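One structure is given here, and the rest of the page talks about it.
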Amino acid sequence: MTKLFDFTLKPSTFKYLLLGLALLTTSGCGTKTNGDKVKEAQQCLNTSTPASAPDCLEKITGLESEAAYLIRCAALFIQQGFATPATIATAADSLKGGSSTSSTAAAMTVLAFNSSSSQATNYTNSNLAVTYCTLSKSKGLTMLASLAQMATAANYVKNTISACTAAADMNAQLACMKTNADTTTKTAVGTAVLSAYNANCAGPTVTASYAQACTQFNTATGNGSVADPAAIGQLFLNQY
């Protein structure tokens, strides 16, 4: 079966990425089907604001299909204000230039979750994004979520560990994390790296948009030979 929304970081909106779900849902009389619920949630997201996007998720409570997780994934990004093309286009352009480490860091700078005044909440939401986007089986959204999670973790460390407070940019934040982040944070980073690697870098074909990031993720995962997320997180950070 062809995977839905094999999103490759093109400058599209998250809202209208979901429009294709309408093709998979049917309306009938009587009790709502799971497809009806997904379609209602999709339509809710298409007109949502960052503040109202989480409310749309009530419509798919209890559903665990790929389409339902796609909506949960997209809702988290809309909540961050990423419902317009500009941010995604900037992240895509960043991934294509410079070395693998500098291009990844540049994309991460754009994608960090920061809608909440609480760094802990932003960090939690970024972890959820990795989980939901991975379960949606969308390659592109899994890549975006993974970069967003790592960036949000870097911001969290900068704001909670005094040794990293003076880090001037994302490269410096990641370098500081290399020696100062705790095992829990390195595990979260490693989990994000592994999700992005499995979705986009493993196997014979890598989309050109991901080539730079995949070079870095291949190193961190030992081309898939390293299984421990904390170790992968450390190997990723060691590149900075």
Side-chain angles (χ1 to χ4, degrees), residues 9 69 72-73 76-77 80 91 94-95 99-114 119-161 163-164 167 169-203 206-207 210-240:
L9 297 180
Y69 280 114
R72 294 184 181 103
C73 165
L76 282 168
F77 278 97
Q80 299 302 315
S94 297
L95 282 176
S99 67
S100 59
T101 53
S102 65
S103 61
T104 303
M108 287 166 63
T109 299
V110 176
L111 293 169
F113 279 21
N114 56 21
Q119 287 295 326
T121 298
N122 291 326
Y123 186 48
T124 297
N125 285 339
S126 70
N127 287 334
L128 282 174
V130 172
T131 298
Y132 293 158
C133 296
T134 300
L135 289 170
S136 79
K137 301 294 179 69
S138 168
K139 293 177 180 289
L141 289 180
T142 298
M143 176 65 82
L144 286 180
S146 298
L147 294 172
Q149 193 284 332
M150 289 183 276
T152 309
N155 285 347
Y156 179 73
V157 168
K158 179 177 180 177
N159 284 276
T160 57
I161 297 179
C164 298
D169 56 24
M170 185 59 67
N171 277 286
Q173 288 174 245
L174 293 166
C176 190
M177 287 177 72
K178 178 169 60 179
T179 53
N180 291 282
D182 59 20
T183 301
T184 299
T185 302
K186 289 177 181 178
T187 297
V189 170
T191 298
V193 169
L194 192 58
S195 293
Y197 169 80
N198 286 334
N200 297 285
C201 309
V206 177
T207 304
Y210 308 135
Q212 293 279 36
C214 282
T215 296
Q216 204 172 354
F217 296 157
N218 291 344
T219 298
T221 63
N223 291 312
S225 65
V226 181
D228 177 40
I232 291 171
Q234 184 67 67
L235 288 167
F236 172 80
L237 294 169
N238 285 348
Q239 298 175 64
Y240 289 90

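The first residue of the sequence shown is numbered 1, and numbering continues consecutively from there. In this text the structure is predicted, and so the values were computed from the model without any measurement.
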For this session: Scan side-chain atoms only and decide if N218 and T215 contain a donor-acceptor pair under the 3.5 Å cut-off.
Result: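 Side-chain D/A pair, N218 to T215: absent.
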If you round to the nearest 0.5 Å, how far is [atom2] of [Y] from [atom1] of [X]?
X    : Y    : atom1 : atom2 : value
N238 : T219 : CG    : OG1   : 11.0 Å
L147 : T104 : CG    : OG1   : 6.5 Å
N155 : M108 : CG    : CE    : 9.0 Å
M143 : C214 : CE    : SG    : 4.5 Å
Q149 : N122 : CD    : CG    : 12.0 Å

Exercise. Can you check whether T221 reaches L194 side chain to side chain, under 4.5 Å on heavy atoms?
Worked result: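 Counting from C-beta outward, T221 and L194 do come under 4.5 Å.
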Problem set entry | Sub-4.5 Å side-chain heavy-atom contact between L144 and L111 |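 Counting from C-beta outward, L144 and L111 do come under 4.5 Å.
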Side-chain donor/acceptor of [X] to backbone N/O of [Y], under 3.5 Å:
X    : Y    : value
Q239 : Q216 : yes
Y240 : A172 : no
T152 : F113 : yes
T142 : A196 : no
Q173 : A154 : yes
K158 : C164 : no

Problem set entry | Qualifying residue, where the test is side-chain contact (heavy atoms from CB on, under 4.5 Å) with T187 and the options are T191, T185, V189 |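 Only one option passes, and that is T191.
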Would you name the heavy atoms of [X] and [Y] that are closest together and state the gap between them?
X    : Y    : result
A199 : K139 : O-NZ, 3.0 Å
L174 : A105 : CD1-CB, 4.3 Å
N180 : A163 : OD1-CB, 3.6 Å
L76  : N125 : CD1-O, 3.8 Å
C133 : F77  : SG-CE1, 3.9 Å
G140 : N200 : N-OD1, 4.3 Å

For this session: Decide yes or no on side-chain hydrogen bond (donor to acceptor under 3.5 Å, both in side chains) for S103 and Q212, but give the supporting numbers first.
Result: CA-CA 7 Å; S103 61; Q212 293 279 36; 4.6 Å; no
Exercise. Mind checking what makes ring-ring contact (aromatic ring centres under 6.0 Å, His included) contact with Y156, not counting sequence neighbours?
Worked result: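 Here the qualifying residues are Y123.
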